[in-house]
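Naming convention: chains lettered A, B, ... in sequence-line order (proteins, then strands); numbering from 1 in each chain. Basis for what follows: all heavy atoms, side chains included, without hydrogens, waters or symmetry-related copies.
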2 protein chains.
Amino acid sequence: MTVTLADVAARAQVSPATVSRVLNGNYPVAASTRERVLKAVDELDYVLNGPASALAAATSDLVGILVNDIADPFFGIMASAIQGEIGGPGGRAGGERLGVVCNTGGSPERELTYLTLLQRQRAAAVVLTGGAIENASHKAAMDTKLRKLGDAGTRVVLCGRPPAPETGAVALTFDNRGGGQELTEHLIGLGHRRLGYIAGPQERTTTRHRLEGHRAALAAHGIEEDPRWTVHGRYDRRSGYEATLELLRRDPSLTAVVAANDSVALGACAALRDSGLRIPDDVSVAGFDDLPFSIDVVPALTTVRLPLTEAGARAGRIAMGREEAPPGGIAAVRGELMVRGSAAAPRE
Amino acid sequence: MTVTLADVAARAQVSPATVSRVLNGNYPVAASTRERVLKAVDELDYVLNGPASALAAATSDLVGILVNDIADPFFGIMASAIQGEIGGPGGRAGGERLGVVCNTGGSPERELTYLTLLQRQRAAAVVLTGGAIENASHKAAMDTKLRKLGDAGTRVVLCGRPPAPETGAVALTFDNRGGGQELTEHLIGLGHRRLGYIAGPQERTTTRHRLEGHRAALAAHGIEEDPRWTVHGRYDRRSGYEATLELLRRDPSLTAVVAANDSVALGACAALRDSGLRIPDDVSVAGFDDLPFSIDVVPALTTVRLPLTEAGARAGRIAMGREEAPPGGIAAVRGELMVRGSAAAPRE
DNA sequence: CTGTACATAGAAAGCGCTTGCTGTGACGTT
DNA sequence: AACGTCACAGCAAGCGCTTTCTATGTACAG
């Protein structure tokens, strides 16, 4: 029914071994033989049996990409960049690799489940994106899993995630703390003294780091933070809208709103506008990430640019063994402050 | 080094066959035995070897999801919904399935490559989302591939794609044509007579169908279309911005702009605003898809709601064999006109 | 008390591929 | 002229699992 290696071998009048070697190209095969084999492959329309090959070779050509929320461009962009680096040559077969993105939905269980599934498939590499969940037992379980994956020969890369020492995973970490600090310092430099902050979900490293940066900036300038100025929410637009309304309710004298990310910032803008406030005249707004739409909105968003595409591509290359891991297995990726129209000096 | 089925069997004092049966749960095993096996699995921290199992059983637990652009929420939402339905029970193992999303980037070659890779992995199912590319030779190649996949036992589902008869694939098709027509008719009903249209990329079925619907509406109302009123672009915000500027340049008397999708519509809004035009007072804007942010922008977008989540979930269920395919293997999914603030009667 | 049916476990034959090792001619060397 | 050397090609042993078929023990009926 299905065409196998043996069929191709028979047709090309060679042994299965030879066919395998032609397909994998890691053993000398005479040009004429190779040609004959390729012709047979073509004529028979042969498709390699992945599982069989993975079993025999003890590695597969699967590369897993874990994301928190596939519907969020933040992850979409990274996933896209990572996938872009997968599929080129570099592996045993010099062949295509199947880059697969797995959507955890931010759930710790699913994160672990996917890792097991990937482990089961003997994935060639795994890239984990986005912040981690701060929960001791989950972190321990993850670390164990990552170490096992690594031990089994799967290359593990963390992209935009805090490092996990002891697991052998390479980490490309976003400097969320530094970015957050720089952003808030910019606002303070503009003259703002009463700044609302819309944070992401609790228990996520990204949320905590950005918030810490924000607070460090306040502290550095002797601004005492009012607890009412911080609201937690999700990393989406709607959440930004609601949180802003809440912030305004708590303290209408706020002159700036710093959002956990650009989507949230967009929601914040909408809420401010709906409340009859002008941006940046009445209230300044700042985001984080610099997603593509951020330069496009009105007014353009002051934000911190995270090199999502570059970091993703690099993570992909490292995962493919095409680029060396940074010294120590850890590299911090800095954000860049993008000064645009949504933030200006407060009135008078 | 790695723990195998045999190790578990030895530890549990049973045969490998029994362990396999416990794990797959499709053969009677005495409760006490099962317990012993599971205990051994746990103690040894055993992880099934996917490739080996796929080889022996001639099926794998991989489910492929093909998307055009993973960074676009349109696809992200569908992918998310599809994946949500994967992983539950329903398969031979009652076990987890690995839902993997593959990003084609709209490239015909990559589409085909991914399909081959999935075929190679003996995927359990494949869901293709988004419009197809209108190119005879590519379509033929795709159809051949899809038929082969189907013949090999892979369930193939098209979600938001035109049907591919003869391939045996189940199709859930969005009624882009009907939606486009209804939308434009709404605008005409409001009194608009000069409508610009920002279409998506040429050669995509989605683009063509929406545009056809738009034109059908114009024709139905005896409006002769000016060729200057249509501009083609990509399905993103920036493209909408540029196309709108172009439209305005060509004919400043336009009273409405219909966009290929919501992202494009957002870009259009920005361009209009930057041109000093108010929405909807000076120019009405309409989108398509009703992505989450569309209700949230200012003014809220009049658009056609496509039940992305529902359709994706249904496609996922069909792919998993958890829901029956629609009669004839084809179901049309209708869009729903969402009347909101971005479109109003033209002035005077 | 024997015979038949049933429930459960094991033996063993692959699934389709990779790869270490073993030929086997064709060359080049002394 | 005899003998390494090399470049290829083939043999065959698995990789770790599933599954058919068979064996065994137990229960129940006659």
What pairs with B/Ala315 under side chain to side chain contact (heavy atoms under 4.5 Å, CB included), at least two apart in sequence or on another chain? B/Val127, B/Val157, B/Cys159, B/Leu172
Side chain to side chain contact (heavy atoms under 4.5 Å, CB included) against A/Thr4, all qualifying residues, sequence neighbours excluded: A/Ala6, A/Asp7
What I'd like to find out is whether the side chain of A/Thr104 reaches to under 4.5 Å of the side chain of A/Val67, using heavy atoms alone. no
Would you mind listing every salt bridge (Lys or Arg N to Asp or Glu O under 4.0 Å) that reaches into residues 23-42 of chain B, with sequence neighbours excluded? B/Lys39-B/Glu43
Can you list every salt bridge (Lys or Arg N to Asp or Glu O under 4.0 Å) pair that touches residues 99-119 of chain B, not counting sequence neighbours? B/Glu111-B/Arg161
Polar atom pairs between nucleotides 22-24 of chain D and protein, under 3.5 Å, N or O only, would you list them?
none

Using only modelled atom types and a 3.5 angstrom limit, is any donor from either the side chain of B/Arg122 or the base of C/dG16 paired with an acceptor on the other? no
Side-chain donor/acceptor contact of A/Arg21 with base of C/dG20 under 3.5 Å: yes
Pair [X] + [Y], salt bridge at N-O below 4.0 Å:
X        : Y        : result
A/Arg322 : A/Glu85  : yes
B/Glu323 : B/Arg314 : yes
B/Asp143 : B/Lys139 : yes

For A/Val19, report the nucleic acid contact type (base, sugar-phosphate, nothing); a contact means any heavy atom under 4.0 Å. nothing
Checking all strands, does A/Ser20 fall into the base, sugar-phosphate, or nothing category for heavy-atom contacts under 4.0 angstrom? base
CA sep, side-chain torsions, deciding dist, call: B/Asn49, A/Gln121, side chain to side chain donor-acceptor pair (under 3.5 Å): CA-CA 7 Å; B/Asn49 183 316; A/Gln121 298 298 331; over 6 Å; no
Taking the minimum atom-to-atom distance to the side chain of [X], which one of [options] wins?
X       : options                : answer
B/Asn24 : C/dG16, D/dC11, D/dT18 : D/dT18
A/Ala57 : D/dC11, C/dT18, C/dA11 : C/dT18
A/Ala56 : D/dT18, C/dC15, D/dG14 : D/dG14
B/Asn26 : D/dT19, D/dT18, C/dG10 : D/dT19

Nearest whole angstrom, please: distance from the [atom2] of [N] to the [atom1] of [X].
X        : N      : atom1 : atom2 : value
A/Leu48  : C/dG16 : CG    : P     : 12 Å
A/Gln121 : D/dG16 : CD    : C1'   : 13 Å
B/Leu55  : D/dG14 : CG    : P     : 17 Å
B/Leu5   : D/dC15 : CG    : P     : 14 Å

Could you check which residues of residues 29-39 of chain A get a heavy atom under 4.0 Å from DNA chain D? Sort them by number, please. A/Val29, A/Ala30, A/Thr33
By nearest-nucleotide position on DNA chain D, the 5'-leaning member of A/Pro28 and B/Ala17 is A/Pro28
Counting only side-chain N and O atoms of [X], is one of them less than 4.0 Å from OP1 or OP2 of [N]?
X       : N      : result
B/Thr18 : C/dA9  : no
A/Ser15 : D/dG10 : yes
B/Asn49 : D/dC15 : no
B/Ser53 : D/dT18 : yes

Would you kindly say whether B/Thr113 and B/Thr116 are connected by a side-chain donor-acceptor distance under 3.5 Å? no
